[in-house]
There are 2 protein chains.
Amino acid sequence: MSGKEIRRSMPLFPIGTVMQLTELTARQIRYYEEHQLISPARTEGNRRLFSLNDIDRLLEIKDLIDQGVNMAGIKQLFLVKQQHANEQEQQMKKEKRELTDEQLRKLLRNELLHSGRLNRSSLRQGDLSRFFH
Amino acid sequence: MSGKEIRRSMPLFPIGTVMQLTELTARQIRYYEEHQLISPARTEGNRRLFSLNDIDRLLEIKDLIDQGVNMAGIKQLFLVKQQHANEQEQQMKKEKRELTDEQLRKLLRNELLHSGRLNRSSLRQGDLSRFFH
DNA sequence: AAGTCATGTTAGGTTTTCTGACATGAACTT
DNA sequence: AAGTTCATGTCAGAAAACCTAACATGACTT
């Protein structure tokens, strides 16, 4: 729920832009959606609108495809990754509960300053950071 | 010529997205282009494609319009700002020429680490940072 | 009252995207 | 070898988004 997450999940890009950014064809992108690897938002007029997160995900998918992983495999990988992230979040919360107020303040301040070190997982993955600072 | 500048000037957004991001109408955006306050790129099919810089600029324009400045005024402001930025760049280069190698290394390292403090001018201006970290 | 400015509105045309269907080649299975 | 499955290509018809150009309008200026 950080501001950053909101920004990264804001639906902004039509499929044409995503095609260029990812070097995937429209057909591929729609196919991956069909297999529920991504779930881009839609405009009122039913056009897909992709977020930065979606694009990251597509770049990950591309990478995995290149390495020979199939749809089912990718879906599983995403699932595992998701679980891992959840656990880590739980762990975070738990640790926070154990902190004194002073420690908490320091921690929050750190999170705000250079927010998000966790979250970028260890998988070799898509990286849109080259598009935005 | 920093990577960041390249990213910020990459044409990504169709006019519909820009409308939502800036809360300007298509008519307004085209009008500002007509008066050369912005120069969005075009696709092969002649559709406008806006960069983050374009959007920043549109937000600045909106701000200035709200403050009663007209097209000519905004154009002048942009001109002045541009000149100012150029001068500052010249100044930078000059200062660099006067540095020892060691000083230069430190300076460059700094520029790379948190690049771009200069460049965001002092004008109250559009801010897209709320969309991207 | 006439003119200018910024924007709205409309019209006709072009481009982009949508879904669904069928085609294809590579990799597996039998 | 013949048949499947998978990932993607290609095509068609429809809908949405965008384009330019023109005219309309209301708020200011002169």
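The sequence lines fix the lettering, A, B, ..., with proteins before strands; numbering per chain opens at 1. Hydrogens, waters and symmetry mates are skipped; everything else that's a heavy atom, side chains included, is used.
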Please report, to 0.1 Å, the donor-acceptor pairs under 3.5 Å made by any side chain of residues 20-30 of chain A, with sequence neighbours excluded.
{"from": "Thr22(A)", "atom 1": "OG1", "to": "Val18(A)", "atom 2": "O", "distance (Å)": "2.7"}
{"from": "Thr22(A)", "atom 1": "OG1", "to": "Leu24(A)", "atom 2": "N", "distance (Å)": "3.2"}
{"from": "Thr25(A)", "atom 1": "OG1", "to": "Gln28(A)", "atom 2": "N", "distance (Å)": "3.1"}
{"from": "Thr25(A)", "atom 1": "OG1", "to": "Gln28(A)", "atom 2": "OE1", "distance (Å)": "3.4"}
{"from": "Gln28(A)", "atom 1": "OE1", "to": "Thr25(A)", "atom 2": "N", "distance (Å)": "2.8"}

Which donor-acceptor pairs under 3.5 Å do the side chains of residues 70-79 of chain A make with protein atoms, sequence neighbours left out?
{"from": "Asn70(A)", "atom 1": "OD1", "to": "Ala72(A)", "atom 2": "N", "distance (Å)": "3.4"}
{"from": "Asn70(A)", "atom 1": "OD1", "to": "Gly73(A)", "atom 2": "N", "distance (Å)": "2.9"}

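Applying the ring-ring contact (aromatic ring centres under 6.0 Å, His included) test to His84(A) and every residue at least two apart in sequence or in another chain returns nothing. For the side chain to side chain donor-acceptor pair (under 3.5 Å) test, residues two or more places apart in sequence or in another chain that qualify with Asn86(A) are Gln82(A).
Contact footprint of chain B on DNA chain C: nucleotides with an atom under 4.0 Å from a non-hydrogen protein atom, first to last in 5' to 3' order, dC5(C) to dT16(C).
Inter-residue side-chain proximity for Ile38(A) and Ile61(A) is flagged as met; some heavy-atom pair is nearer than 4.5 Å.
Atoms CG and CZ, from Asn53(A) and Arg57(A) in turn, are 9.0 Å apart once rounded to the nearest 0.5 Å.
Listed by first and then second residue, the salt bridge (Lys or Arg N to Asp or Glu O under 4.0 Å) pairs involving residues 45-55 of chain B are Glu33(B)-Arg48(B) (not counting sequence neighbours). Judged as a ring pair (Phe, Tyr, Trp, His ring centres under 6.0 Å), the pairs with a partner in residues 35-67 of chain A (not counting sequence neighbours) are, in order, Tyr31(A)-His35(A).
Between Leu49(A) and Thr25(B), the residue anchored closer to the 5' end of DNA chain C is Thr25(B), taking for each the nucleotide with the nearest heavy atom.
Rounded to an integer number of Å, the gap from CD1 of Ile65(A) to P of dC6(D) is 13 Å. Between Asn70(A) atom CG and dT4(D) atom C1' there is a gap of 15 Å when expressed in whole angstrom units. Atom C1' of nucleotide dC19(D) and atom CZ of Phe50(B) are separated by 12 Å, given to the nearest angstrom.
Within a heavy-atom distance below 4.0 Å of DNA chain C, the residues of residues 26-38 of chain B found are Arg27(B), Gln28(B), Tyr31(B), Tyr32(B).
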Can you name the atoms? Protein N/O to nucleotides 11-16 of chain D N/O, anything below 3.5 Å, with the distance.
{"from": "dA16(D)", "atom 1": "N3", "to": "Arg47(A)", "atom 2": "NH2", "distance (Å)": "3.4"}

